[in-house]
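Since the structure comes first, as structure tokens, the remarks are kept for the end.
In what follows, chains carry the letters A, B, and so on, assigned in the order in which the sequence lines appear, proteins first and then strands, with residues in each chain numbered from 1.
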Amino acid sequence: MYGLVDCNNFYASCERVFKPDLNGVPIVVLSNNDGCVIARSNEAKTLGIPMGEPAFKMKELIETNQVAVFSSNYALYGDMSNRVMKTLATFVPTIEIYSIDEAFLNLKGFEHIDLNVFGRKIVRTTSKNTGIPVSMGIAPTKTLAKVANKFAKKYKGYKGVCVIDTEEKRIKALQKFDIGDVWGVGRKHLKTMNYNGIYTAYDFTQRSKSWVRRNFTVVGERMWNELQGIPCIEMDSTPSAKKQICTSRSFGSRLTAFEDILEAVSNHAASCAAKLRRQKSCAAGLMVFIMTNPFSERDAQYVNSKHLSISIPTNSTAEIIQYAKMLLQDIYRPGFSYKKAGVIITEIISDSPLQGDLFDTVDREKHKKLLKAIDSLNDGLGSNKVRIASQGYGKKWKLKNEKLSPRYTTNLSEIIEVKAKD
DNA sequence: TCTGGGGTCCTAGGACCC
DNA sequence: TCTGGGGTCCTAGGACCC
């Protein structure tokens, strides 16, 4: 059996932990740049605020309903996530951290105990230890555990835990479950399903395997099996190194000058390099892209990207910035009002052993020491305290985040400030 | 005025090999 | 008139996830 524990309204709940006066108050959390809604408390959902709604379209709704609005605070959410995961890990030998607010628990060997009771203990303890409310679904496959989790969240009677452990419960659950809510069914597949008369997860399981394979490839076939109770998706408890690393941001305001965009791209490149070093990898290829605002109807549109292969793979901030700059020079066109830029590391290899080059002119050992020093300084002082000159001061491209809460759990000065207020 | 960011997996088709 | 068979690797694009 598998368990899926999912935090309820995670980002909104994180904000609420440190502001208990917001209990019962609708909360929304906005995306980077205070763009659109990415998390809502139950109260905000009841108000009918949709996921992904642009903030500027909700101004009135927010004011009339006294909605508490937050900019996203990933330092806080990341730390709260760690606390939740650590608590979960005390209950079972293996967990798979699936996302910032979700984890699968391997319940193999727990079949002889009452899983409902066990699940409730996990839910209760996690909420008590972290302040974050969670729900749990338990079933013979991961996909069914996801289904069960949604039931646990939706109906209060379950007390946070729903178990699918008999054929009868499985069929009943699938009959009441929209096919579009199944893990692995997106917008496009939903359309095809509906077109073929499939509306519930149960309808889907009644189709033949070959029909599913033909229309939805192996991905659909796996899903079909999983819904029947045949596990196809195993636990993956050891996070593997990333195959692709990307840093991209919309600018706080529109940019036109090459120098301003270069500053943003340099910072994105530096961030990619730091991520590479953290996972002990090097880049063998990178890509830079820039784009104008696709929502604007009056501005001329321009989107471009360019890729480059690196002959001697590197994770040096200075080198990666140099490459990124070359690419940006290639794709930048004056006269456009740019909205967003990004750097993507596309070919990632391990940093040791590294294939050298006879004609290499860089003293890599010396470079390595420098990077190590920079990383340790920045770890202690905050990211980007020590940086390459081309990263600049970030005045123009920096994000908008006007409603940012303090980093209650990770920033010492803010912790002291909060304590003093208390 | 104003619309996020970061990933994975799969398939088809082209280029190439013997 | 008629022109093989079997394979790999790479890339772009599409679908999905949170």
Applying a 4.0 Å non-hydrogen cut-off, can you work out what [X] is touching in the nucleic acid: base, sugar-phosphate, or nothing?
X         : result
Arg298(A) : nothing
Ile245(A) : sugar-phosphate
Asp101(A) : sugar-phosphate
Thr247(A) : sugar-phosphate
Asn32(A)  : sugar-phosphate

Roughly, in whole Å, what's the span from [atom1] in [X] to [atom2] in [N]?
X         : N      : atom1 : atom2 : answer
Met287(A) : dG7(B) : CE    : C1'   : 14 Å
Tyr98(A)  : dG6(B) : OH    : C1'   : 13 Å
His268(A) : dG6(B) : NE2   : C1'   : 13 Å

For the pair Tyr74(A) and Tyr11(A), name the ring-plane relationship: parallel under 30°, tilted 30 to 60°, perpendicular over 60°.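 It falls in the perpendicular class, over 60°.
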Determine which pairs satisfy side chain to side chain donor-acceptor pair (under 3.5 Å) with at least one residue from [range], sequence neighbours left out, and list them in order.
range                       : answer
residues 77-90 of chain A   : Glu15(A)-Tyr77(A), Asp79(A)-Arg83(A), Asp79(A)-Thr409(A)
residues 272-289 of chain A : Thr247(A)-Lys275(A), Arg277(A)-Thr317(A), Arg277(A)-Asp375(A), Gln279(A)-Ser281(A)
residues 54-71 of chain A   : Asp34(A)-Ser71(A)

If you measure only the distance, is there a donor-acceptor pair under 3.5 Å linking the side chains of [X] and [Y]?
X         : Y         : value
Thr143(A) : Thr141(A) : no
Asp379(A) : Ser376(A) : no
Thr346(A) : His307(A) : yes
Asp299(A) : Asn293(A) : no
Ser405(A) : Asn73(A)  : yes

Name all residues meeting the side-chain hydrogen bond (donor to acceptor under 3.5 Å, both in side chains) criterion together with Asn225(A); count only those two or more places apart in sequence or in a different chain, and write none if there are none.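 Checked Asn225(A) against side-chain hydrogen bond (donor to acceptor under 3.5 Å, both in side chains); zero matches.
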Can you name the residues that form a side-chain hydrogen bond (donor to acceptor under 3.5 Å, both in side chains) with Gln301(A), not counting sequence neighbours?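 Applying side-chain hydrogen bond (donor to acceptor under 3.5 Å, both in side chains) to Gln301(A) gives Thr292(A).
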Range-with-range stems for DNA chain B, at least three Watson-Crick or G-U pairs under 3.5 Å: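 Only these stems qualify: B:5-18 with C:5-18.
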The criterion is ring pair (Phe, Tyr, Trp, His ring centres under 6.0 Å); which residues satisfy it with Phe336(A), sequence neighbours excluded?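 Checked Phe336(A) against ring pair (Phe, Tyr, Trp, His ring centres under 6.0 Å); matches are Tyr302(A).
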Among pairs that include at least one residue of residues 235-262 of chain A, which meet salt bridge (charged side-chain N to carboxylate O under 4.0 Å, His left out), considering only residues two or more places apart or in two chains?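 Sorted result for residues 235-262 of chain A: Asp260(A)-Lys396(A).
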Salt bridge (charged side-chain N to carboxylate O under 4.0 Å, His left out) contacts touching residues 121-147 of chain A (sequence neighbours left out):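 Residue pairs passing salt bridge (charged side-chain N to carboxylate O under 4.0 Å, His left out), neighbours aside: Glu96(A)-Lys142(A), Glu102(A)-Lys146(A).
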Side-chain N or O of [X] closer than 4.0 Å to phosphate OP1/OP2 of [N]:
X         : N       : result
Lys146(A) : dC18(C) : yes
Ser248(A) : dG6(B)  : yes
Ser72(A)  : dG4(B)  : no
Lys340(A) : dT3(B)  : no

Side chain of Ser99(A) (C-beta onward), nearest among dC18(C), dC2(B), dG4(B):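 Looking only at side-chain atoms, Ser99(A) lies closest to dC18(C).
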Side chain of Lys242(A), heavy atoms from C-beta onward: which of dT8(B), dG5(B), dC17(C) has the nearest atom to it?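 In terms of side-chain proximity for Lys242(A), the closest of dT8(B), dG5(B), dC17(C) is dT8(B).
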Identify, residue by residue, the members of residues 47-65 of chain A with a heavy atom below 4.0 Å from DNA chain B, and return them in order of residue number, or none.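 Hits under 4.0 Å, by residue number: Pro54(A), Phe56(A), Lys59(A).
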If each of Val218(A) and Asn293(A) is mapped to the nucleotide of DNA chain B with the nearest heavy atom, which maps nearer the 5' terminus, i.e. the 5' end?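 Its nearest nucleotide being more 5', the pick is Asn293(A).
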Heavy-atom nearest nucleotide on DNA chain B for Ser31(A) versus Val219(A): which residue maps closer to 5'?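 Nearest nucleotide further toward 5': that of Ser31(A).
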I'd like the C1' distance from dG4(C) over to dC17(B), given in whole Å.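 Comparing C1' positions in dC17(B) and dG4(C) gives a spacing of 15 Å.
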Shorter than 3.5 Å, N or O on both sides, protein versus nucleotides 9-13 of chain C: list them out with atom names.
none

Which parts of residues 173-194 of chain A get close to DNA chain C, meaning a heavy atom less than 4.0 angstrom away?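 When residues 173-194 of chain A is checked for heavy atoms under 4.0 Å from DNA chain C, the hits, listed by number, are Val182(A), Trp183(A), Gly184(A), Val185(A), Gly186(A), Arg187(A), Lys188(A), His189(A).
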Donor-acceptor pair, side chain of Ser271(A) and main chain of Asn267(A), under 3.5 angstrom: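 Judged by distance alone, no pair lies under 3.5 Å.
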